[in-house]
There are 2 protein chains.
Amino acid sequence: MTSDVSQSARDAGAGGGGPRWLDAEEQRAWRAWLYSNQLLADRLDRELTHGTGISHAYYEILVALSETEGRMMRMSELADRCLSSRSRLSHAVSRLEERGWVRRQVCAEDGRGQLAVLTDEGFAALEAAAPVHVESVRRHLFDQLTPRQVEAMRDLGETLLRHLGPR
Amino acid sequence: MTSDVSQSARDAGAGGGGPRWLDAEEQRAWRAWLYSNQLLADRLDRELTHGTGISHAYYEILVALSETEGRMMRMSELADRCLSSRSRLSHAVSRLEERGWVRRQVCAEDGRGQLAVLTDEGFAALEAAAPVHVESVRRHLFDQLTPRQVEAMRDLGETLLRHLGPR
DNA sequence: CCGGAATGGATGAGTGCTCAACCAGTGTTG
DNA sequence: CAACACTGGTTGAGCACTCATCCATTCCGG
């Protein structure tokens, strides 16, 4: 017998209102989800970082900027887009500024606001990194899945997003 | 027209051997996966941390230890189980030791090895945290999904694990 | 049994993230 | 238009993770 926490709690017969423990099937699904996500995210970040010197967090920022008119965006909008806190983004943009890939610019319509602007060097760095990243995603994700599984993945993701989503 | 990197690369007609860009359907699946995972992992970690003072990383360590005979495990085995580097685990165990939840013990069969041992205080902390965590997982994950979706999630996770898996 | 390679793990520097505090500019209310 | 709350963003301290390096022990070939 192990000292598994949920098991001993169940043995003790946690009365009504007690935690709704996971059954064996749920445990298995949860573990598979947790491990595969962690391993995949880790692998993708590692390959991107080692292959290009850009972490996935920075990559997301550069991508978001590259997709806008004028390659610029308000700091807080950028933070939302990157699922980042404002503080985190502010720190990250500072570091990207040191690399010369982004610069800050005060916002015309709102004196409080700042615009993060992607520089040409930043865009070039992104262009160099993108093929590396997309190849990783393909190899470790899409190449492993059938079209039905890809659809299931999208369905799952979108279902969860409706719950967790941007508010 | 935006300055989207993959689009401009496709426009330029990257010849044979160029990156295998994602099509619209794949993009959508990828984004949904990426965002939902990030948001979910974030939410679970946050609720656990705020509700119990234990981060998900620490929680995983305590769980792994609690599930073994004698509530102890070799450092490197524990690292593998937690998908952690040895260095990371070593640092983490040091911090858990400061809290009095784990202690180190030299391994009898191999003088180089160390055993991480879960203390009674550590086990108690885990017992207190487990219901909080399982409730989060249920609310934000299983309560949102149909049984078919749960099965799809397990299938996806296990498929990816076979590729990424522990070697 | 001796010497070197391999293994298990610890350590420290550098970087990134979180949280709380803070500042400047804007909106709102009388 | 003065006072105050609110918003957008930055900053610094503290914690966590990575990477390279290091030390101790064990394994292995002669």
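These numbers come from the heavy atoms of this one structure, side chains and all, not from hydrogens, waters or symmetry mates. A note on names: the letters A, B, ... follow the listed sequences, proteins ahead of strands, and every chain is numbered from 1.
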Quiz item: For B:Y58 and A:R74, take the nucleotide of DNA chain D holding the closest heavy atom to each; which residue's nucleotide lies nearer the 5' end?
Solution: A:R74
Quiz item: Starting at CE of A:M73 and ending at P of D:dG9, how long is that distance when rounded to a whole Å?
Solution: 12 Å
Quiz item: Rounded to whole angstroms, how far apart are CG on A:D80 and C1' on D:dT7?
Solution: 13 Å
Quiz prompt | Parallel, tilted or perpendicular: ring planes of B:H56 versus A:W30, cut at 30 and 60 degrees | solution = perpendicular
Quiz item: Within the structure, does a side-chain N or O atom of A:R95 lie under 4.0 Å from either OP1 or OP2 of C:dG16?
Solution: yes
Self-check item: Nucleotide C:dT15, atom P - distance to CZ of A:R99 in whole Å
Solution: 10 Å
Quiz item: Between A:E158 and A:R162, is the closest basic N to carboxylate O distance under 4.0 Å?
Solution: no
Quiz item: Can you find a side chain N or O atom of B:R104 that sits less than 4.0 Å from OP1 or OP2 on C:dG9?
Solution: no
Practice problem: Measure the distance from CG on B:D45 to P on C:dC17 and round it to the nearest whole Å. | Solution: 14 Å
Quiz item: Whole Å only: how far is the CD atom of A:E77 from the C1' atom of D:dT7?
Solution: 16 Å
Exercise. Round to the nearest Å and state the distance from A:I61 atom CD1 to C:dG16 atom P.
Key: 10 Å
Quiz item: So, are B:E26 and A:R138 salt-bridged, with charged N and O less than 4.0 Å apart?
Solution: yes
Quiz item: With side chains defined as the heavy atoms from C-beta onward, is the minimum distance between B:L160 and A:Q144 less than 4.5 Å?
Solution: yes
Quiz item: Can you tell me if CZ on A:R20 sees more than 12 non-hydrogen neighbours from other groups inside 6.0 Å?
Solution: yes
Exercise. Look at atom CZ of A:R81 and say whether more than 12 heavy atoms of other residues, nucleotides or ligands are closer to it than 6.0 Å.
Key: no
Quiz item: Which letters describe nucleotides 18-27 of chain D, given B = protein heavy atom under 4.0 Å from base, S = only from sugar-phosphate, - = neither?
Solution: BB-----BS-
Quiz prompt | Ion pair check, B:R103 and B:E98, cut-off under 4.0 Å | solution = no
Quiz item: How many Å lie between CG on B:L89 and P on D:dC17, as a whole number?
Solution: 10 Å
Self-check item: Atom-to-atom span, CG of B:L115 to P of C:dA10 - whole angstrom
Solution: 11 Å
